[in-house]
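Chain letters run A, B, ... following the sequence lines, proteins first, then strands; residues in each count from 1. As the structure is a prediction and not an experimental result, all values here were calculated from the model.
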Amino acid sequence: MKILVAVKRVIDYNVQIRIKEDGSGVVTDNVKMSTNPPDDNAIEEAVKIKEAGKAAEVVAITIGEEKAQETLRKALAVGADRGIHVKVDNIIEPLAVSKILQKIVDKEKPDLVFMGKQAIDDDCNQTGQMLSALLNWPQATFASKIEVKEKSLEVTREIDEGLETIEINVPAIVTCDLRLNEPRYASLPNIMKAKKKPIEEISASDLGVDIAPRVEQIKVEEPPKRKAGIKVANVAELVQKLKNEAKVI
Amino acid sequence: MAVLLIAEHNNNDLKAFTLNAATAASQIDSDLHAIIIGHNCGDASKKLSELPVIKKVLSVDAPHYENFTAENFAPVITKVAENYSHIVCSANTFGKNLMPRIAAHLDSSQVSDIIKVISQDTFLRPIYAGNAFATVKTNDSKKCITIRPTSFDPCESSGGSAPIENAEAGEEFSNTKFIKREEVKSDRPELGTARIVVSGGRGMQSGDNFKLITEVADKLGAAIGASRAAVDAGYISNDHQVGQTGKVVVPDLYIAIGISGAIQHLAGMKESKIIVAINKDGEAPIFSVADYGLEADLFEAIPQFMEELNKLNTIQK
Ligand SMILES: Cc1cc2nc3c(=O)[nH]c(=O)nc-3n(C[C@H](O)[C@H](O)[C@H](O)COP(=O)(O)OP(=O)(O)OC[C@H]3O[C@@H](n4cnc5c(N)ncnc54)[C@H](O)[C@@H]3O)c2cc1C
Ligand SMILES: Nc1ncnc2c1ncn2[C@@H]1O[C@H](COP(=O)(O)O)[C@@H](O)[C@H]1O
């Protein structure tokens with residue numbers, strides 16, 4: 001099997017983001033960037049499947065500006081075999097990302113596409129499902145466990161009610177939850193080796209897909225702040241406040 | 001053109017958040033229809049027709065819809081979408097799984113997880129785990145919108161009598177097979193709609209200790225929440241997770257015990273009316289959003305809390 005894994009470069013999850021004064025977006029200059037966290041789980045799972053002898057090749061793909069290559073290098077350092085960088089300069093929407101991925105799938109013919117369940121910048125939670133619709137492939141979203149079978153996967157999905165198990169025939173799309181596995185760290189020798197692995201560069205305009213935004217971001221602003229609370233001295237005071245001041249118990 | 005709401009249900013009853021989604025959808029346009037897809041879901045269809053905000057119900061009933069598989073649902077909704085300007089659903093795991101498939105079929109760029117309807121094409125939505133709010137305007141002719149249910153009040157659930165029309169079922173998608181669903185049943189209120197939520201974090205140290213949280217929750221008639229760390233450590237099941245990648249809750253009272261208050265956790269609870277934090281680290285970020293903070297060891301504080309609650313002769317439920 002061949003597994004394609006989509007990885008996105010986002011502001012690191014530990015960064016307290018800042019909003020631009022003109023309300024046009026979020027400050028990204030000189031801000032620490034990382035791989036979108038569940039995309040690390042997607043790579044890890046693909047590499048594990050390869051290590052178990054059930055996949056022949058793991059290809060990482062990212063769509064983004066020049067620096068998104070760092071995200072690919074990291075994927076290569078933890079075990080992906082090669083990378084594909086589709087260059088775009090502006091932020092693009094999940095629909096456009098899924099159309100680009102569809103083109104790459106047509107060309108690469110993977111059996112599986114693994115991705116994160118949600119990008120932690122736009123919090124859209126759309127791209128995997130959209131790609132799956134465009135390809136008319138089965139989808140297993142929010143995966144927390146994957147069992148690879150002959151020509152199918154048995155996937156446990158995290159849903160609001162608890163857990164759901166489905167079986168999907170390959171070719172298929174899986175979107176990964178953080179609980180799927182424990183992503184490994186790249187060792188220094190592997191980081192060095194990754195520098196020699198190939199990355200193919202493609203310009204989005206060569207793929208012939210319309211990636212123009214459909215949704216205008218009119219304004220980005222701070223959410224309303226909560227007013228500062230107080231510290232109580234002890235449990236008795238807490239209960240008294242909840243009862244008589246907040247009147248919630 | 002009218003707005004189409006996708007109802008979430010379990011074939012017998014509507015899921016509670018369908019009422020919140022109906023409110024949001026009716027704010028986009030009062031000409032609101034709803035579609036319900038399931039198997040033997042006549043009772044749920046009837047309940048849907050009783051929501052006064054809904055003018056017409058489309059019901060699609062076939063065996064392969066029993067388990068709500070998105071691959072089966074999406075083509076049906078895509079087909080009826082020609083008559084509608086907006087398709088709306090809750091941004092919970094049901095809607096998150098389904099709506100992007102419909103949007104892709106319609107070549108529409110979905111707007112996820114809105115918290116406010118500004119106009120028919122302009123919406124407010126949180127980004128970056130709720131650390132920024134974006135006002136977005138969609139220019140697609142078919143607008144696919146998921147709504148954050150806790151940001152809209154539930155609509156009235158009785159008094160209406162919309163006509164129910166049967167719509168045609170689609171083919172079964174054979175490459176996805178449902179195997180099983182493990183639902184955690186409990187008599188406690190649902191996390192998403194509970195008036196009080198008591199949540200535990202890594203500070204609880206074990207699944208056994210989590211019983212302390214259960215006791216407080218039962219005393220207060222509350223739902224139980226958890227941080228991702230507590231779920232990852234196996235103290236409690238995933239359906240309790242609150243946060244950016246879990247559930248969003250907006251109770252009257254949220255009690256966070258042994259939770260540090262990472263932004264990903266705050267994303268799921270910081271709109272709560274009253275927040276209480278019990279943590280032994282006075283610098284924990286959770287205190288920055290807490291109305292009442294108690295700096296204490298939880299293993300001492302919880303038994304005292306129970307004692308004080310027991311002294312009260314009335315507890316609102
Ligand atoms: C992409 C991404 C998504 C995420 N999504 C979520 C999400 O949806 N929800 C979520 O919760 N997290 C999420 N996280 C994880 C989040 O970043 C934090 O790691 C997590 O919330 C920490 O959980 P915690 O507060 O229980 O644990 P910790 O941060 O370890 O805090 C434990 C707290 O308990 C206190 N404590 C310990 N012992 C005691 C005691 N005896 N008495 C009193 N206090 C005590 C400590 O002082 C500490 O403040 C996500 C992370 C990422 C990267
Ligand atoms: N620009 C991108 N490049 C590569 N993968 C992406 C990109 N955008 C989204 N994805 C993938 O789609 C997933 C879900 O993103 P989203 O739908 O934006 O929440 C991410 O976790 C990635 O795996």
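- Taking all atoms of both residues into account, the shortest heavy-atom contact from A:V235 to B:A301 is CG2-O, 3.8 Å.
- There is no contact between A:A140 and chain B, counting heavy-atom distances below 4.5 Å.
- Here the closest heavy-atom approach between residue B:S109 and residue A:E93 is recorded as OG-OE1, 2.5 Å.
- Neither the backbone nor the side chain of B:D121 comes within contact range of chain A, judged by heavy atoms closer than 4.5 Å.
- Looking at A:I17, only its side chain comes within 4.5 Å of chain B, counting heavy atoms on both sides.
- In this structure, the portions of A:P223 lying under 4.5 Å from any heavy atom of chain B include both its backbone and its side chain.
- Heavy atoms of A:S98 lying under 4.5 Å from chain B are absent altogether.
- Interface remark: B:L191 contributes no atoms to any contact with chain A (heavy atom separation under 4.5 Å).
- One finds a salt bridge joining B:K15 and A:E161 here, because a Lys/Arg side-chain nitrogen approaches an Asp/Glu carboxylate oxygen to under 4.0 Å.
- The closest side-chain heavy-atom distance from B:K137 to A:V215 is not below 4.5 Å.
- A heavy-atom distance below 4.5 Å is not found between the side chains of B:Y292 and A:E237.
- In this structure, A:K231 is positioned above the aromatic face of B:F287, its NZ or CZ under 6.0 Å from the six-membered ring centre and within 45° of the axis.
- A side chain to side chain contact (heavy atoms under 4.5 Å, CB included) with B:T176 holds for exactly one of A:I166, A:V155, A:N169; it is A:I166.
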Review point. Hey, mind stepping through A:I249 and B:L220 against side-chain contact (heavy atoms from CB on, under 4.5 Å) and telling me if it holds?
Key: CA-CA 7 Å; A:I249 58 172; B:L220 293 170; 3.7 Å; yes
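- Between A:V220 and B:A132, the closest heavy-atom pair is CG1-CB, 3.8 Å.
- Between the side chain of B:E71 and the main chain of A:Q139, a donor-acceptor pair closer than 3.5 Å is present.
- Residues B:N175 and A:I168 have side chains not in contact (no heavy-atom distance under 4.5 Å, counting atoms from C-beta outward).
- Contacts between B:N139 and chain A at a heavy-atom distance below 4.5 Å involve backbone atoms as well as side-chain atoms.
- Side-chain contact between A:F142 and B:N97: present, with at least one pair of heavy atoms (C-beta onward) separated by less than 4.5 Å.
- Salt-bridge check for A:R226 with B:D291: passed, with a basic side-chain N closer than 4.0 Å to an acidic carboxylate O.
- In this structure, the portions of A:L178 lying under 4.5 Å from any heavy atom of chain B include both its backbone and its side chain.
- Heavy atoms only, all atoms of each residue included: A:I159 and B:D239 are closest at O-CB, 4.5 Å.
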Practice item. Begin with the C-alpha distance, continue with both residues' side-chain angles, and end with the deciding distance and a verdict on side-chain contact (heavy atoms from CB on, under 4.5 Å) for B:Q241 and A:R179. Key: CA-CA 12 Å; B:Q241 184 184 315; A:R179 264 185 286 277; 2.6 Å; yes
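- Note on B:E182, B:R181, B:R101: by heavy-atom pairs under 4.5 Å with chain A, the leading option is B:R101.
- The side-chain heavy atoms of A:T165 and B:K180, taken from C-beta on, include a pair separated by under 4.5 Å.
- Scanning both residues, A:P138 and B:F173, for their nearest heavy atoms gives N-CZ, 3.6 Å.
- The local environment of CD1 in A:I91 is sparse, with at most 12 non-hydrogen atoms from other residues, nucleotides or ligands closer than 6.0 Å.
- Using a 4.5 Å heavy-atom threshold, the side chains of B:E308 and A:Q240 count as separate.
- For the options A:V10, A:T127, A:I19, A:N136, heavy-atom pairs under 4.5 Å to chain B are most numerous at A:N136.
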Review point. Run the side-chain contact (heavy atoms from CB on, under 4.5 Å) check on A:Q126 and B:S112 step by step: do they pass?
Key: CA-CA 8 Å; A:Q126 301 174 3; B:S112 290; 2.8 Å; yes
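- Heavy atoms of B:T245 lying under 4.5 Å from chain A belong to its backbone as well as its side chain.
- Heavy atoms closer than 4.5 Å to chain A are found nowhere in B:T69, neither backbone nor side chain.
- Looking at A:Q118, only its side chain comes within 4.5 Å of chain B, counting heavy atoms on both sides.
- B:R125 contributes a side-chain N or O that, together with a main-chain N or O of A:D122, makes up a donor-acceptor pair within less than 3.5 Å.
- A salt bridge is absent between A:D160 and B:K96; no separation between the charged side-chain nitrogens and carboxylate oxygens falls under 4.0 Å.
- The part of A:L238 that comes within reach of chain B is its side chain, from C-beta onward, which places non-hydrogen atoms under 4.5 angstrom from that chain.
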**Study point:** Intermediate values then yes/no, side-chain contact (heavy atoms from CB on, under 4.5 Å), B:V136 and A:I218
**Key:** CA-CA 5 Å; B:V136 297; A:I218 292 175; over 6 Å; no
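- Nearest heavy atom pair, residue A:V248 against residue B:I196, reads O-CD1, 3.9 Å.
- Side-chain contact between B:Y128 and A:V26 is present, with at least one heavy-atom pair separated by less than 4.5 Å.
- Counting heavy atoms from C-beta outward, B:T138 and A:R214 have side chains that stay 4.5 Å or more apart.
- In summary, A:K247 and B:D252 do not engage in a salt bridge, as defined by a charged side-chain N under 4.0 Å from a carboxylate O.
- Proximity to chain B (any heavy atom under 4.5 Å) is restricted, for A:K99, to the side chain, taken from C-beta onward.
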